[in-house]
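Below is one structure, written out as structure tokens; the observations come after it.
Note on naming: letters A, B, ... go to the chains in the order of the sequence lines (proteins, then strands), and numbering restarts at 1 for each one. Owing to the predicted nature of the structure, the values given are computational and were not obtained by experimental measurement. For the numbers below, each heavy atom of this structure counts, side chains included, while hydrogens, waters and symmetry mates do not.
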There are 2 protein chains.
Amino acid sequence: MTATLSKTRLEFIEAGGRLWQLLGLPRSTGQIYGLLHLSPKPLSLDEIAALLSISKASASTGTRQLISWQAIRQVWVQGDRRDYFESVADLREVLRTAYHTFFKPKMEKTEDRLELLLATLEAEHKSGDITKDEYDFCAKRLGGIASLQDKLTKVLPLAEKFL
Amino acid sequence: MTATLSKTRLEFIEAGGRLWQLLGLPRSTGQIYGLLHLSPKPLSLDEIAALLSISKASASTGTRQLISWQAIRQVWVQGDRRDYFESVADLREVLRTAYHTFFKPKMEKTEDRLELLLATLEAEHKSGDITKDEYDFCAKRLGGIASLQDKLTKVLPLAEKFL
DNA sequence: CAATTCGTTCAATTACAATTGAACGAATTA
DNA sequence: TAATTCGTTCAATTGTAATTGAACGAATTG
């Protein structure tokens, strides 16, 4: 069986693939999401692979990625032992979990790293490895980054409320 | 002459490289920015290449990228015909131009693409290529995307004010 | 219980982007 | 004007991530 897709859905998949790609995520993963998001009914792994002309292996890894980001979910169709997938309809939900699983952890890591960096700088200052001028300059720049970082962590979660 | 960098600056460069990398930008470009941002004085292309142990070609393309994003600027040192570079101190400024040169155009492109997609869908509907149900479903999903897209374009520029 | 069906894993391949060396033109210097 | 110096470009290389085919275990079916 060679199911075909409407032009709209084909173009949407194409667009989804490119959009995700420029966010640094694999194109095929974006295509899977695009396919599912415009699909009225859940699709199986084999259907996904066939419709997108990708290997089943890619379909498998792609769906697992999307599930880990909670962009799609697995659904069970009674009387069928295959796995079926459907997209999470509410995109705001997807954005929210993306923030919590992607950005937030990264922000926190950056915060820690900055702390360490400031400590290193202090140490270098005390032991006389760097001049007072270099110390002052670096401290100022690092402070600027910390300040922005701080504000971002406060503003971003707030922005969510407006969506 | 083999100038050396303080530990702080080395680690900062390292961190900058990785940070930019996970935003999908070339590591070496991030390293150049890190180097310049903690450098009290402007640096020439050769200095950048030497300090980071990268080729001059990479330094050249990297700096040009950073300039196009207005993350660094070119400064002239009198009596020296070489190009010197320094980072833009105010990171909010960098963020702002990043928004305008990166995200905004992409958002607009997405908007246009959505319009086209909706038109295609209408056409398919009218010509009877797709069922009423498929039309309704796709229209709903596309509408949801358009709505989110719309809100994002309104909220993001606003968030800037809080930084 | 042999034969399918299904999903996953992994080594190998492929595709893509980053990096470089070498060559070049323009500007500067001796 | 010959020799340097400087920055850029580009073909070729390198490195990295995505993709795949083949093999596998588990579950299901005849």
Quiz item: Of all residues at least two apart in sequence or in a different chain, which pass the side chain to side chain contact (heavy atoms under 4.5 Å, CB included) check with A/Ser55?
Solution: A/Ala57, A/Ser58
Exercise answer: donor-acceptor pairs, residues 70-77 of chain B side-chain atoms, under 3.5 Å, sequence neighbours excluded:
residue	atom	partner	partner atom	Å
B/Arg73	NH1	B/Glu86	OE2	3.1
B/Gln74	NE2	B/Asp83	OD1	3.1
B/Gln74	NE2	B/Asp83	OD2	3.0

Practice problem: Using atom CD of B/Gln65 as one end and atom P of D/dT9 as the other, report the distance to the nearest whole Å. | Solution: 12 Å
Quiz item: Could you state the CD1-P distance from B/Ile32 to C/dA18, rounded to the nearest angstrom?
Solution: 13 Å
Self-check item: Which residues share a side chain to side chain contact (heavy atoms under 4.5 Å, CB included) with A/Thr110, sequence neighbours left out
Solution: A/Gln149, B/Leu19
Quiz item: Listed by chain and number, what are the side-chain hydrogen bond (donor to acceptor under 3.5 Å, both in side chains) partners of B/Ser127, not counting sequence neighbours?
Solution: B/Asp129
Quiz item: Residues two or more places apart in sequence or in another chain: which of them pass side-chain hydrogen bond (donor to acceptor under 3.5 Å, both in side chains) with A/Glu14?
Solution: A/Arg18
Quiz item: Quick one: bend of the helix from C/dC1-D/dG30 to C/dA30-D/dT1 from 5 pairs per end, to 10°?
Solution: 10°
Quiz prompt | Residue pairs passing the salt bridge (Lys or Arg N to Asp or Glu O under 4.0 Å) test where at least one lies in residues 148-163 of chain A, sequence neighbours excluded | solution = A/Arg96-A/Glu160, A/Asp150-A/Lys154
Exercise. Report the residues that fulfil side chain to side chain contact (heavy atoms under 4.5 Å, CB included) with B/Asp133, sequence neighbours left out, ordered by chain and then residue number.
Key: B/Thr131
Self-check item: From CA spacing to verdict: side-chain contact (heavy atoms from CB on, under 4.5 Å), A/Val88, A/Thr97
Solution: CA-CA 11 Å; A/Val88 170; A/Thr97 61; over 6 Å; no
Practice problem: Output yes when at least one side-chain N/O atom of A/Ser58 is less than 4.0 Å from OP1 or OP2 of D/dT20, else no. | Solution: yes
Practice problem: Output the single nucleotide from D/dA18, C/dC16, C/dG21 whose closest atom is nearest the side chain of A/Arg27. | Solution: C/dC16
Exercise. Using heavy atoms to find the nearest nucleotide of DNA chain D for A/Gly79 and A/Ser55 separately, return the residue whose nucleotide is more 5′.
Key: A/Ser55
Could you go over nucleotides 6-8 of chain D and give all protein N or O partners under 3.5 Å, atom names and distances?
residue	atom	partner	partner atom	Å
D/dC6	OP1	B/Arg82	NE	3.4
D/dG7	OP1	B/Asp83	N	2.6
D/dG7	N7	B/Lys56	NZ	3.4
D/dT8	OP2	B/Ser60	OG	2.7

